[in-house]
S.K.: 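There's a structure below that I have some questions on.
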Amino acid sequence: MEQQVYLALLHNPVYNKNMEVITTTVTNLDLHDIARASRTYNIGQYYIVNHLDSQQDLVNRMKDYWAGDFGAEYNPDRKEAFSVLEIKAELKDVIADITAREGKEPTLVTTDARTYSNTISYRKLRQEIAKGEEVYLILLGTGWGLTKETMKSADYILEPIYGPGDYNHLSVRSAAAIILDRLLGEVWW
């Protein structure tokens, strides 16, 4: 069953460690690993958001390789994972694409290591998704996180992911897998 849930990995606008707004580069592992998780959890589409032509070309070349070249023959599972991957220049392009597909704008859900007044628990958002009444777009940031403007535009901000210790610095790939499992995975508890 295809979920009414979409995922976007934003490379712009995001912060660097000096809290300057930048555009980060695409990484091979983020494409592969998050596409595989997205396909596993039946995400409607996994978007890479990067406005640089060179980065868009890179994503398209990798996608073309795994979808049609030797890569598709060598690893058909990777071809299927990449079937949910799409590149867009800006977040507004992602929202427009989802709106055209679904007939309504998505509810924006961001992620952060801090809590906010509109922080939502995984349990509550999982219940909302299960109702099937809304379309959701989960935004993940690269670099040092999503800008304040992006965070303010969100309808909800997911509660932070905590482990039992005091270290809290997950890769975006790890965070994406945990988030998708908590929201869409099998009920095991």
S.K.: Nearest 0.5 Å, please: how far is CD1 in I22 from CE in M19?
M.R.: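 That separation rounds to 11.0 Å.
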
S.K.: Between CG of N60 and CD of Q56, what distance do you get to the nearest 0.5 Å?
M.R.: 7.0 Å

S.K.: Assigning hydrophobic clusters by single linkage (Ile, Leu, Val, Met, Phe, Trp, Tyr; side-chain heavy-atom cutoff under 4.5 Å), is L91 placed with L52?
M.R.: no

S.K.: Testing the 3.5 Å rule here: is there a donor-acceptor pair between the side chains of D93 and Y47?
M.R.: no

S.K.: Do I157 and V109 come close enough that some side-chain heavy atom pair is under 4.5 Å?
M.R.: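 No - every pair of side-chain heavy atoms lies 4.5 Å or more apart.
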
S.K.: The test is side chain to side chain contact (heavy atoms under 4.5 Å, CB included); show your working for V14 and T147 and say whether it passes.
M.R.: CA-CA 5 Å; V14 294; T147 62; 5.5 Å; no

S.K.: Are any non-hydrogen side-chain atoms of T111 and L139 less than 4.5 angstrom apart?
M.R.: no

S.K.: When you compare the side chains of S171 and S174, does any donor N or O come within less than 3.5 Å of an acceptor on the partner?
M.R.: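 Indeed, the side chains of S171 and S174 share at least one donor-acceptor pair under 3.5 Å.
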
S.K.: Is there a side-chain contact between N50 and V26, using heavy atoms and a 4.5 Å cut-off?
M.R.: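 Side chain of N50 against side chain of V26, heavy atoms only: contact under 4.5 Å found.
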
S.K.: Would you say L140 and I179 make side-chain contact, with heavy atoms under 4.5 Å?
M.R.: yes

S.K.: For A89 and N12, which heavy atoms make the closest approach, and how far apart are they?
M.R.: O-ND2, 3.5 Å

S.K.: Which atoms form the tightest heavy-atom contact between A81 and A35, and what is the distance?
M.R.: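 Heavy-atom minimum between the residues: O-CB, 3.6 Å.
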
S.K.: For L10 and T142, work out which heavy atoms get closest and say how close.
M.R.: O-OG1, 2.9 Å

S.K.: State whether E86 and K88 are salt-bridged, where the test is any N-O pair (Lys NZ or Arg NE/NH1/NH2 against Asp/Glu carboxylate O) under 4.0 Å.
M.R.: yes

S.K.: Holding to side-chain contact (heavy atoms from CB on, under 4.5 Å), I want the full list of residues that pass it with T25, two or more places apart in sequence or in another chain.
M.R.: Q55

S.K.: Counting distance only, does the side-chain N/O of K17 pair as donor-acceptor with the main-chain N or O of W144 below 3.5 Å?
M.R.: no

S.K.: Rounded to the nearest 0.5 Å, how far apart are OH of Y41 and CG of L180?
M.R.: 7.0 Å

S.K.: Does anything in residues 11-32 form a ring-ring contact (aromatic ring centres under 6.0 Å, His included)? List the pairs, not counting sequence neighbours.
M.R.: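 Output for this query lists H32-W66, H32-F82.
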
S.K.: Of all heavy-atom pairs between E90 and H51, which one has the smallest distance, and what is that distance?
M.R.: OE2-CB, 3.5 Å

S.K.: Just wondering, do I161 and R182 contact through their side chains at under 4.5 Å, heavy atoms?
M.R.: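 Side-chain contact under 4.5 Å: yes.
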
S.K.: Report whether I178 and L7 are members of the same hydrophobic cluster (ILVMFWY, side-chain heavy atoms less than 4.5 Å apart, transitive linking).
M.R.: yes

S.K.: Could you tell me the separation between the CG atom of L125 and the CD atom of Q127, rounded to the nearest 0.5 Å?
M.R.: 9.5 Å

S.K.: Looking at side-chain heavy atoms only, is the closest gap between L9 and V49 below 4.5 Å?
M.R.: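 L9 does not reach V49 side chain to side chain.
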
S.K.: Do Q4 and E102 have side-chain heavy atoms sitting under 4.5 Å apart?
M.R.: yes

S.K.: Keeping the roles fixed (side chain from N18, backbone from E20), state whether a donor-acceptor pair exists under 3.5 Å.
M.R.: no

S.K.: Checking D155 now: which residues fulfil side-chain contact (heavy atoms from CB on, under 4.5 Å) with it, not counting sequence neighbours?
M.R.: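 In terms of side-chain contact (heavy atoms from CB on, under 4.5 Å), with neighbours along the sequence ignored, D155 is linked to T107, L108.
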
S.K.: Find the distance between CE (M62) and CG (L85) and round it off to the nearest 0.5 Å.
M.R.: 8.0 Å

S.K.: Determine whether T110 and L158 satisfy the following criterion, side chain to side chain contact (heavy atoms under 4.5 Å, CB included), listing intermediate values before the conclusion.
M.R.: CA-CA 6 Å; T110 61; L158 274 170; over 6 Å; no

S.K.: Counting distance only, does the side-chain N/O of N16 pair as donor-acceptor with the main-chain N or O of V21 below 3.5 Å?
M.R.: no

S.K.: Does atom OH of Y156 have more than 12 heavy-atom neighbours, drawn from other residues, nucleotides or ligands, at distances under 6.0 Å?
M.R.: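 No, OH of Y156 has 12 or fewer neighbouring heavy atoms, counting only those of other groups under 6.0 Å.
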
S.K.: Taking the side chain as every heavy atom from C-beta outward, state whether I95 and P106 have any atom pair closer than 4.5 Å.
M.R.: yes

S.K.: With sequence neighbours left out, which residue pairs that include part of residues 116-125 fulfil the side chain to side chain donor-acceptor pair (under 3.5 Å) condition?
M.R.: D112-Y116, R114-Y116, K124-E128

S.K.: Verify side chain to side chain contact (heavy atoms under 4.5 Å, CB included) between V172 and I34, making sure each step is shown before the conclusion.
M.R.: CA-CA 9 Å; V172 72; I34 298 174; 4.2 Å; yes

S.K.: Going by side-chain heavy atoms closer than 4.5 Å, which hydrophobic residues are tied to W188, directly or by a chain of links?
M.R.: V187, W189

S.K.: Would you say Q45's side chain and Y6's backbone share a donor-acceptor pair under 3.5 angstrom?
M.R.: no

S.K.: Could you report the tightest heavy-atom contact between R173 and D33, atom names first, then the distance?
M.R.: CD-OD2, 3.4 Å

S.K.: Scan residues 159-168 for pairs that pass side chain to side chain donor-acceptor pair (under 3.5 Å), counting only residues two or more places apart or in two chains.
M.R.: none

S.K.: Backbone N or O of L146 within a donor-acceptor pair of the T150 side chain at under 3.5 Å?
M.R.: no

S.K.: Is there a donor in the side chain of D57 and an acceptor in the side chain of S54, or the other way round, less than 3.5 Å apart?
M.R.: no

S.K.: So which heavy atom on S38 is nearest to which on Y46, and how close?
M.R.: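 Between these two residues, the closest heavy atoms are OG-CB, 3.6 Å.
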
